[in-house]
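Quick notes on the structure that follows.
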Amino acid sequence: MDFETVMQELESLGKERTKKIYLSNGAHEPLFGVATGAMKPIAKKIKINQPLAEELYATGNYDAMYFAGIIADPKAMTEPDFNRWIDGAYFYMLSDYVVAVTLSESDIAQDVADQWIASGDELRMSAGWSCYCWLLGNRKDNEFSESKISNMLDMVKKSIHESPERAKSAMNNFLYTVGISYLPLNEKAVETAKEVGIVEVKRDKKKSSFLNAYESIQKEMDKGRLGFKRKYVRC
């Protein structure tokens with residue numbers, strides 16, 4: 001399938017209701033409003049196609065950009081490629097659920113995510129922390145440095161309440177993910193989440209969200225989900 005065919009397919013799958021939901025979460029035109037599940041049949045036909053992914057991502061169309069993440073080849077992407085993608089990610093659904101997800105399947109994931117976390121830029125920070133959530137929730141525990149993840153927990157405790165809004169949300173999710181999916185630091189994550197307490201995330205034109213990683217971890221532990229790992233990151 002070529003670029004024009006994919007764009008036509010995506011447009012035909014668009015739903016006004018879905019489009020309104022995306023717009024309310026920060027997307028802007030152009031977009032069609034395609035449910036992510038509806039993209040799977042096209043993805044099965046294409047599988048992996050990095051040149052096509054690049055064409056689609058460059059459109060600025062939210063649905064095309066999301067689909068680009070599904071068919072991208074993360075191992076073929078370089079650090080400049082990922083930086084170009086995060087530059088184009090204009091709201092959190094792109095930074096955290098397209099760029100961070102794609103980055104998490106690359107061999108340079110931690111190096112790039114570390115730079116983004118240190119950048120001070122809201123969506124880069126959000127993507128960096130989110131990438132670690134995807135990584136920790138999928139890869140084996142022995143692929144991570146325990147001291148490094150421990151230092152990151154300390155960083156969250158020290159800075160989460162003063163961080164940019166989207167970064168707060170991703171950092172809170174990091175606490176939760178370490179608590180559930182990274183067994184070597186389960187106890188420290190639980191203790192850190194308890195000390196951090198409730199995190200308020202302010203949102204434009206909407207009520208604030210109040211996040212509590214400690215309660216979320218406890219609920220999952222009560223369900224026996226300690227040690228949970230995803231089989232796949234991308235759909």
Can you confirm whether [X] sits close enough to [Y] that some side-chain heavy atom of one is under 4.5 Å from a side-chain heavy atom of the other?
X	Y	answer
His161	Val199	yes
Leu211	Tyr176	no
Leu10	Asn61	no
Val178	Met152	no
Val34	Phe67	no
Val6	Glu55	no
Val98	Met65	no
Val190	Tyr214	yes

If every non-hydrogen atom of [X] is compared with every non-hydrogen atom of [Y], which pair is closest and at what distance?
X	Y	value
Ala68	Ala53	CB-O, 3.3 Å
Ala127	Asp96	N-OD1, 3.6 Å
Ala113	Leu103	N-CD2, 4.1 Å
Ala27	Leu31	CB-CD1, 4.0 Å
Asn138	Arg230	ND2-O, 2.9 Å
Val156	Phe174	CG2-CD2, 3.9 Å

Indicate yes or no for a side-chain donor-acceptor contact from [X] to the backbone of [Y] under 3.5 Å, with no hydrogens or angles considered.
X	Y	answer
Ser216	Asn212	yes
Ser150	Glu146	no
Lys157	Val196	no
Ser181	Phe228	yes
Arg139	Ser104	yes
Asp81	Thr78	yes
Asp141	Leu183	yes
Ser95	Tyr92	yes
Ser24	Ile21	yes
Asn83	Glu79	yes

Closer than 4.0 angstrom, basic N to acidic O: yes or no for [X] and [Y]?
X	Y	answer
Glu165	Lys168	yes
Arg84	Glu54	yes
Lys223	Glu220	yes
Asp73	Lys47	no
Glu29	Lys19	yes

Exercise for review: Test Phe91 against every option in Tyr66, Tyr62, Tyr97, Tyr22 by the ring-ring contact (aromatic ring centres under 6.0 Å, His included) rule and name the one that passes.
Suggested key: Tyr62
Practice item. Please report the C-alpha distance between Trp129 and Asn173 in whole Å, then the side-chain angles of each, then the deciding distance to 0.1 Å, and finally whether the side-chain contact (heavy atoms from CB on, under 4.5 Å) criterion is met. Key: CA-CA 8 Å; Trp129 287 106; Asn173 197 31; over 6 Å; no
Is there a path of hydrophobic side-chain contacts, each under 4.5 Å between heavy atoms of I, L, V, M, F, W or Y residues, that connects [X] with [Y]?
X	Y	result
Met93	Met171	no
Ile180	Leu135	no
Leu52	Met39	yes
Val112	Val233	yes
Phe144	Ile108	no

Separation of [Y] [atom2] from [X] [atom1] (nearest 0.5 Å):
X	Y	atom1	atom2	value
Asn172	Ser163	CG	OG	11.5 Å
Leu175	Ile217	CG	CD1	6.5 Å
Ile70	Thr36	CD1	OG1	7.0 Å
Glu105	Trp134	CD	CH2	10.5 Å
Arg203	Ser208	CZ	OG	8.0 Å
Ile160	Glu195	CD1	CD	12.5 Å

Review point. Among side-chain atoms of Trp116 and Asp121, is any donor-acceptor pair under 3.5 angstrom?
Key: no
Point to revise | Between Asp114 and Tyr132, a side-chain donor and acceptor under 3.5 Å | key: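 Yes, Tyr132 and Asp114 have a side-chain donor paired with an acceptor closer than 3.5 Å.
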Review point. Between Tyr182 and Thr177, does a side-chain contact (heavy atoms from CB on, under 4.5 Å) hold up when you go through it step by step?
Key: CA-CA 7 Å; Tyr182 187 65; Thr177 306; over 6 Å; no
Evaluate whether atom [atom1] of [X] has more than 12 neighbouring non-hydrogen atoms of other residues, nucleotides or ligands under 6.0 angstrom away.
X	atom1	result
Lys229	NZ	yes
Lys194	NZ	no
Lys206	NZ	yes
Lys20	NZ	no
Ile198	CD1	no

Review point. Could you walk me through whether Ser145 and Gln110 pass the side-chain contact (heavy atoms from CB on, under 4.5 Å) check?
Key: CA-CA 11 Å; Ser145 159; Gln110 292 192 48; over 6 Å; no
Practice item. Begin from the C-alpha positions of Ile42 and Met1 and carry the test side-chain contact (heavy atoms from CB on, under 4.5 Å) through to its verdict. Key: CA-CA 9 Å; Ile42 321 174; Met1 294 177 80; 3.7 Å; yes
